[in-house]
Amino acid sequence: MQEFRVQSSETEAELLFFGVNGDNFSVAFSSGTVNCQREVWAYTDAHGLADLFEWMASQSKPWNTLEGWESIEGEFKLYASCNVRGNITFDLEMNHLGCAEEWRVQTQLKFEFGQLPGLAKKARAFFGPSPS
């Protein structure tokens with residue numbers, strides 16, 4: 001799979017994963033007013049994002065913890081929460097620090113509990129299997 005897309009259930013916003021190349025992948029967030037893109041170095045843990053989606057999809061009811069994944073150097077962070085109605089919120093952070101023109105974007109993406117099984121399959125196809 002060449003890309004993996006998470007579409008908001010409330011707005012035109014979306015999170016796009018693309019360009020897997022070994023331990024790297026790219027991620028982009030777009031909405032009506034905010035657009036950003038970042039290459040992420042996942043080291044050997046890119047499959048951890050697929051693990052996160054699979055864990056969420058395995059839940060039979062909304063959970064009350066904050067679950068997430070962060071890249072080893074912190075350039076991309078994704079944390080998920082789910083309320084009792086099954087509304088899922090991703091808290092996202094992308095940044096490019098340590099350069100002449102640093103930037104940081106913190107935003108949210110909302111989607112529904114019922115979308116999780118399909119997203120988990122797409123995430124695993126994109127990021128690949130977990131190591132044995």
Side-chain angles (χ1 to χ4, degrees):
M1 177 178 274
Q2 294 188 359
E3 65 180 35
F4 164 48
R5 187 178 307 266
V6 180
Q7 181 71 44
S8 169
S9 61
E10 296 185 4
T11 67
E12 77 286 355
E14 72 176 10
L15 184 63
L16 176 66
F17 298 92
F18 62 99
V20 167
N21 184 12
D23 292 339
N24 297 304
F25 64 89
S26 292
V27 62
F29 175 81
S30 63
S31 70
T33 56
V34 175
N35 296 287
C36 58
Q37 179 176 318
R38 183 71 168 98
E39 185 172 358
V40 176
W41 183 54
Y43 186 53
T44 59
D45 192 37
H47 68 276
L49 273 164
D51 293 346
L52 174 62
F53 277 92
E54 288 180 339
W55 179 86
M56 291 187 294
S58 74
Q59 302 306 296
S60 59
K61 61 183 181 178
W63 60 92
N64 60 2
T65 57
L66 189 62
E67 302 294 329
W69 184 90
E70 293 184 18
S71 63
I72 196 162
E73 293 191 354
E75 68 267 31
F76 177 66
K77 300 174 185 178
L78 183 145
Y79 282 86
S81 60
C82 185
N83 68 20
V84 295
R85 293 182 173 190
N87 301 313
I88 297 168
T89 300
F90 275 169
D91 290 306
L92 308 168
E93 182 180 322
M94 275 191 262
N95 65 63
H96 197 331
L97 305 176
C99 59
E101 295 178 339
E102 296 182 345
W103 59 267
R104 174 177 301 179
V105 172
Q106 292 177 302
T107 189
Q108 291 184 328
L109 183 71
K110 299 183 184 234
F111 61 101
E112 301 297 325
F113 195 80
Q115 292 176 265
L116 288 171
L119 291 173
K121 287 179 186 174
K122 291 176 183 177
R124 181 59 66 201
F126 181 77
F127 289 109
S130 292
S132 310

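Treat the numbers as computed from the prediction; the structure is a model and nothing was measured. As a basis for the values below, the full set of heavy atoms in this structure was taken, side chains included, without hydrogen atoms, waters or symmetry mates.
Ile88 contributes atom CD1, which lies 15.0 Å from atom CZ of Arg85 (distance to the nearest 0.5 angstrom). For the atom pair Phe76 CZ and Glu70 CD, the distance stands at 10.5 Å (nearest 0.5 Å). Distance check: Lys122 NZ to Gln115 CD gives 9.0 Å after rounding to the nearest 0.5 Å.
The aromatic rings of Phe53 and Phe4 sit perpendicular, their planes meeting at an angle over 60°, well past the 30° parallel limit. Using the six-membered ring where Trp is involved, Phe17 and Phe127 have ring planes that are perpendicular, over 60° apart on the 30 and 60° scheme.
Annotation: side chain of Met56 is not in contact with side chain of Glu67 (no heavy-atom distance under 4.5 Å). In this structure the side chain of Val105 reaches within 4.5 angstrom of the side chain of Val34, judged on heavy atoms. Put simply, the side chain of Glu93 does not reach to within 4.5 Å of the side chain of Phe29, judged on heavy atoms. The shortest distance between side-chain heavy atoms of Thr89 and Leu109 does not fall below 4.5 Å. With a 4.5 Å cut-off on side-chain heavy atoms, Glu3 and Leu16 count as touching. Proximity of Ile72 to Asp45: side-chain heavy atoms (C-beta onward) are nowhere separated by under 4.5 Å. In this structure, the side chains of Leu49 and Phe25 come closer than 4.5 Å at one or more pairs of heavy atoms.
Glu12 places a side-chain N or O within donor-acceptor distance of the main-chain N or O of Gly32, the cut-off being under 3.5 Å. Side chain of Ser26 to backbone of Glu39: no donor-acceptor contact under 3.5 angstrom is found. In this structure, Asn87 contributes its side chain and Phe111 its backbone to no donor-acceptor pair below 3.5 Å.
The two residues His47 and Pro129 make their nearest non-hydrogen contact at CB-O, 3.8 Å. For the residue pair Pro62 and Cys82, the shortest heavy atom distance occurs at CB-SG, 3.5 Å. In terms of heavy-atom proximity, Met94 sits nearest to Trp103 at O-CZ3, 3.5 Å. Closest non-hydrogen pair, Trp63 versus Ser81, comes out as NE1-CA, 3.9 Å. Scanning both residues, Gln59 and Phe113, for their nearest heavy atoms gives O-CZ, 3.2 Å. Shown here for Ala13 and Gln7, the closest heavy-atom pair between the two residues is O-NE2, 3.1 Å.
Side chains of Asp91 and Gln108: a donor on one and an acceptor on the other come within 3.5 Å. Side-chain contact annotation: Ser8 with Glu10, donor-acceptor N/O pair under 3.5 Å absent. Side-chain atoms of Glu73 and Tyr43 form no donor-acceptor pair, as typed in the model, at a separation below 3.5 Å.
The aromatic ring centres of Trp69 and Trp55 sit 6.0 Å or more apart.
Both Leu15 and Val20 sit in one connected hydrophobic cluster of ILVMFWY residues. Membership requires side-chain heavy atoms under 4.5 Å apart, directly or through other members. The hydrophobic clustering, which links ILVMFWY residues whose side-chain heavy atoms are closer than 4.5 Å, places Leu52 and Tyr79 apart.
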>> For a side-chain contact (heavy atoms from CB on, under 4.5 Å) check, start with the C-alpha distance between Glu75 and His96, then their side-chain angles and the critical distance, and finish with the verdict.
In response: CA-CA 6 Å; Glu75 68 267 31; His96 197 331; over 6 Å; no
>> Working note: Asn24 + Val40, criterion side-chain contact (heavy atoms from CB on, under 4.5 Å); need CA distance, chi angles, decisive distance, verdict.
In response: CA-CA 6 Å; Asn24 297 304; Val40 176; over 6 Å; no
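A salt bridge links Glu14 with Arg5: the distance from a Lys NZ or Arg NE/NH1/NH2 to an Asp or Glu carboxylate oxygen falls below 4.0 Å.
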